[in-house]
Amino acid sequence: MFSVYGRVAATTLVSGLLTAGAFIAAGPAAADEAAQTRGGASAVIGGLKTYGTAVIHDSGGGQGDLQVSAGLFEMSVDGGGTLQTYCVDLHTATQRDARYHETPWSGTSLAANKDAGKIRWILQHSYPQVNDLAALADQAGINGGLTEQDAAAGTQVAIWRYSDGADVYALDPQAEQLAEYLHKSARSLPEPKASLTLDPPAVSGRPDKPLGPVTVHTDAGSVTVSPPADAAVSGVRIVGPDGKPVTTAQDGSRLFFDVPEDAAAGSAELTVQASTTVPVGRAFTSEERSQTQILAGSSESTVSATAGATWAEQGAIPALSAARNCAKGSVDITAANTGDQPFAFTLMGVEHSIPAGASRTVTLPLLEDQAYDFTITGPGGLQKRFSGVLDCKTQSNAPEVTTQTVSEPSPATVGGTAPDTNLAETGGSTTTPLITGTAIGLVVIGGAVLVLLRRKETHSQD
């Protein structure tokens, strides 16, 4: 019987509405959800496909050694494609059918991990990137050979030693020998580039000239460019530097929003999409408190990215975006004001004003496992809602509790009644702690919230 333990995650919900000079509670449907990643692959996790058994020494909570399933997950990509991933978040549960998004390391626990580059080395020098198991066994000095299960388990164990600092070993001797080889041989490699992003994710300006540029960054040969959904009515076109409409683009292409000169204040989005293999070592995170994954292999998969534009004839004209910053334990909201008047707003009881022609980043410090939900509004009905959970650490300081004892390595529902909550499979399956969300009210009083501003002047671009 495998012993299972869990941790209680304290969850605090930060909510609010940014307006010019007002602070109002935001309802769940106050605005469209704004992506906090700049694009790439989105996928749904399916579960462990190839795995063995690992043992965590002295797992805590009086449990002693703990056996866990260790190996490769499989994800189904939105629009087509399959991903194979390992876990880099041992003590967090995996939620059944959780949705994941390609994420920069800066938005994960890898941001503060000096050994993150060694994890990428392991991924590139082991299974499934090295699918000649005889050659891999020979490289690791393994005489008895390797099965796929051994290779997956050994690779996962080596990753956990760097991602979580875990005292863990593979139960199978061959798998453990592989883990030792990978752990000792690993060298640091840089973070891989995203499969597809648009930079910046938001632009703004007056409708008397094209708004942008938005630059395409991708490893795909080409991307398709889709105009705003209401382009036929609004007249907004997506054009290149020469002012001609574009329907395809490449890495480095610059795109612009061409807005009719007489257009009323408003906003729009463009979408780019491509088919490519996602680079090994890209991180994947979920907004459902499901353990962070790292890419080990990719089929040809659909990737996409969006960018928004806001325009007005006069007044404040903000371009808004947000990103998790795990190095600081925060969510960073960036607002660039290309208008002729200051953009004034109140966030969490603190007033801010961005001068005309300036850009600032408001840093919202959050607690680990803290949920947030707020909406930013602007001229022309602009509304951007940002919500999620700050998951920047691989362990919580919250007390551990025993949840269940099971013996099967397949997903098991906790409590027998909730159909959508699983114990994790890797760093879980039947053996990893389930995160139980406990809502905690957060009272914010005036200057009690520390908000830091980084200032930079917005550079004008033709």
*4.5 Å side-chain heavy-atom contact, Leu196 and Thr276*: no
_Shortest non-hydrogen contact between Pro279 and Pro192, atoms and distance_ = CB-CB, 3.9 Å
*Shortest non-hydrogen contact between Val223 and Ala274, atoms and distance*: CG1-CB, 3.5 Å
*Just how far is it from atom CD1 of Ile294 to atom CD of Gln156, taken to the nearest 0.5 Å?*
10.5 Å
*Point-to-point distance, once rounded to the nearest 0.5 Å, from CZ of Phe284 to NE2 of His101*: 10.5 Å
*Gln314 CD: over 12 foreign heavy atoms closer than 6.0 Å*: no
*Output every pair passing salt bridge (Lys or Arg N to Asp or Glu O under 4.0 Å) with a member in residues 236-245, not counting sequence neighbours, ordered by first then second residue.*
Arg237-Asp258
*How close do Leu198 and Thr306 get, heavy atom to heavy atom, and via which atoms?*
CD1-C, 3.7 Å
*asked:* Is any side-chain heavy atom of Gln273 closer than 4.5 Å to one of Thr302?
replied: yes
*Which pairs with one or both residues in residues 254-339 pass disulfide (SG to SG under 2.5 Å), sequence neighbours excluded?*
Cys326-Cys392
*Identify, with sequence neighbours excluded, every residue that meets ring pair (Phe, Tyr, Trp, His ring centres under 6.0 Å) alongside His183.*
Tyr162
Side-chain donor/acceptor pairs under 3.5 Å, residues 104-112, sequence neighbours excluded:
{"unit_1": "Trp105", "atom_1": "NE1", "unit_2": "Gly281", "atom_2": "O", "d": "3.0"}
{"unit_1": "Thr108", "atom_1": "OG1", "unit_2": "Trp105", "atom_2": "O", "d": "3.0"}
{"unit_1": "Thr108", "atom_1": "OG1", "unit_2": "Leu110", "atom_2": "N", "d": "3.1"}

_We want to know whether Asp332 and Thr334 form a side-chain donor-acceptor pair, criterion being a heavy-atom distance below 3.5 angstrom._
no
*asked:* According to salt bridge (Lys or Arg N to Asp or Glu O under 4.0 Å), does anything in residues 73-88 pair up with another residue at least two apart or in another chain? List the pairs.
replied: Asp78-Arg99
*Return each pair, listed once, that meets salt bridge (Lys or Arg N to Asp or Glu O under 4.0 Å) where at least one residue sits in residues 181-198; pairs must be two or more places apart or across chains.*
Glu180-Lys184, Glu191-Arg282
